[in-house]
There are 2 protein chains.
Amino acid sequence: MHESGVEGAYGSGRMSRQRLLIARVAASMPGAFTIDALCSAVRENDGSTGVATVYRAVAVLLTEGWLERVGERDGHALLARCPVGPRHHHHVVCDECGRVEATECPVVEAPGHATSASFVITRHEVTLYGLCPQCAAEASAEGVR
Amino acid sequence: MHESGVEGAYGSGRMSRQRLLIARVAASMPGAFTIDALCSAVRENDGSTGVATVYRAVAVLLTEGWLERVGERDGHALLARCPVGPRHHHHVVCDECGRVEATECPVVEAPGHATSASFVITRHEVTLYGLCPQCAAEASAEGVR
DNA sequence: GTGTATGCAAACTGTTTGCATGGAC
DNA sequence: GTCCATGCAAACAGTTTGCATACAC
């Protein structure tokens, strides 16, 4: 594997053992994750890594665009390594397993849209939630049981 | 004025001086507001009202559906009294003054949507941000100046 | 060698909870 | 009269910061 592009993750910042670990763990997450899930996973791998380091690293990864905020759950931000890059897109989050995929923008920029017609829309946030193929299959199996 | 429907705001809960004040202040907010903006506004009106009371009241107002989470700014939830009611809808938030309006759902439920096709979408969150008519007018006036 | 990243712990912010008291119904 | 809502302060969770040390470059 090509290390998932971990090398440039911190931009011009220095690469340390901890930062490498944090980026690797983040990249290996199956889907969206909260910061403290990341903390746990990192510390499980190396208990000597402090939480502050994880927070600082994540802040850098976010400003570098290597990680993204893709939504939220129970008031906690959901992060994910998004392969799409800076192109305009949104995310689908699996409510069951947290898997995240990029999706095309489902928003109609209809100019005559009812109440919003008088607003000048500059940006929008969209997150779709549901079940990924695997979880959907399991759920329907449960239902039949 | 008809008190903006403050009477039923807390459902079957009891109405107190503080709760009445909190609901009135919330209803008088020009647009979306954060909890601590509400706290400040309430305490400005009656310094003896504790923050805990505001938080507890807001929790009730949210579960009653009298208030709604309409988005977020700097990691803080934006709340607003939404006149639309429980019908499916979304919000347009003015980045400048915080004014909020309801808008029709701009999401296309296209069944064949690229990557999300394999996901079973159960819900979505959409918030539009931009400038309300007034702020847009002011902004363009600034630009011309 | 220089300067950034780290670990630790303390500080800090926003929110919730326990408990005795006051007030709504 | 009963029970809910309040105020206060303490507890709490999540996050950030200060500082001395370790390490990348």
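Convention: sequence-line order gives letters A, B, ...; per-chain numbering from 1. Just the heavy atoms: all of them, side chains too, but no hydrogens, waters or symmetry mates, feed the values below.
Contacts of Arg56(B) with the nucleic acid, taken as non-hydrogen atoms under 4.0 Å apart, include base atoms.
Regarding Tyr10(B), its OH atom lies at a distance of 13 Å from the C1' atom of dT6(D), rounded to whole Å. In this structure, the CD atom of Glu64(A) is 11 Å from the P atom of dA5(C), given to the nearest Å. In this structure, CG of Leu20(A) is placed 15 Å from P of dA5(C), rounded to the nearest angstrom. Residue Arg17(A) contributes atom CZ, which lies 13 Å from atom C1' of dA24(D) at whole-angstrom precision. Atoms CG (Leu62(A)) and C1' (dT16(D)) sit 15 Å apart, rounded to a whole Å. In this structure, CD1 of Ile22(B) is placed 12 Å from P of dA5(D), rounded to the nearest angstrom. Rounded to an integer number of Å, the gap from CG of Asp74(A) to C1' of dA13(D) is 14 Å. Following rounding to the nearest Å, Leu21(A) (CG) and dA5(C) (C1') show an atom-to-atom distance of 15 Å.
Phosphate proximity of dG7(D) to Gln18(B): present, with a side-chain N or O under 4.0 Å from OP1 or OP2. Between Thr53(A) and the phosphate of dG7(C), there is a side-chain N or O to OP1/OP2 separation shorter than 4.0 Å. Distances shown here put every side-chain N or O of Arg19(B) at or beyond 4.0 Å from the OP1 or OP2 atom of dC4(D). Remark: Ser16(B) is not in phosphate contact with dA5(D), judged by side-chain N or O atoms under 4.0 Å from OP1 or OP2.
Both Leu21(B) and Leu67(B) are assigned to one and the same hydrophobic cluster, defined by single-linkage of ILVMFWY side chains at heavy-atom distances under 4.5 Å. Tyr129(A) and Leu131(A) fall into different hydrophobic clusters, where Ile, Leu, Val, Met, Phe, Trp and Tyr are joined by side-chain heavy atoms under 4.5 Å apart, directly or via other members. Put simply, Val100(A) and Val126(A) are part of two different groups of oily side chains (I, L, V, M, F, W, Y) that touch within less than 4.5 Å, one to the next. Using a 4.5 Å cut-off between side-chain heavy atoms of Ile, Leu, Val, Met, Phe, Trp and Tyr, with links allowed through other members, Leu20(B) and Ile22(B) fall into the same hydrophobic cluster.
Nearest-nucleotide assignment on DNA chain C puts the 5′-proximal partner with Met15(A), out of Met15(A) and Met15(B).
Below 30°, between 30° and 60°, or above 60°: for His124(A) and His90(A) the angle between ring planes is between 30° and 60°, a tilted geometry.
With hydrogens and angles left out, the side chain of Arg14(A) and the base of dG3(C) share a donor-acceptor pair within 3.5 Å.
Salt-bridge check for Glu64(B) with Arg19(B): failed, with every basic side-chain N at 4.0 Å or more from each acidic carboxylate O.
A rotation axis mapping the C1' atoms of four pairs onto the next four is fitted at both ends of the helix from dG1(C)-dC25(D) to dC25(C)-dG1(D) over five pairs, and the angle between these axes is 40° to 10 degrees.
Counted within 6.0 Å of CD on Glu96(A), heavy atoms from surrounding residues, nucleotides or ligands total 12 or fewer; the atom is thus considered open.
Relative to the side chain of Tyr55(A), the nucleotides dG14(D), dT15(C), dC25(D) differ in distance, and dG14(D) lies closest.
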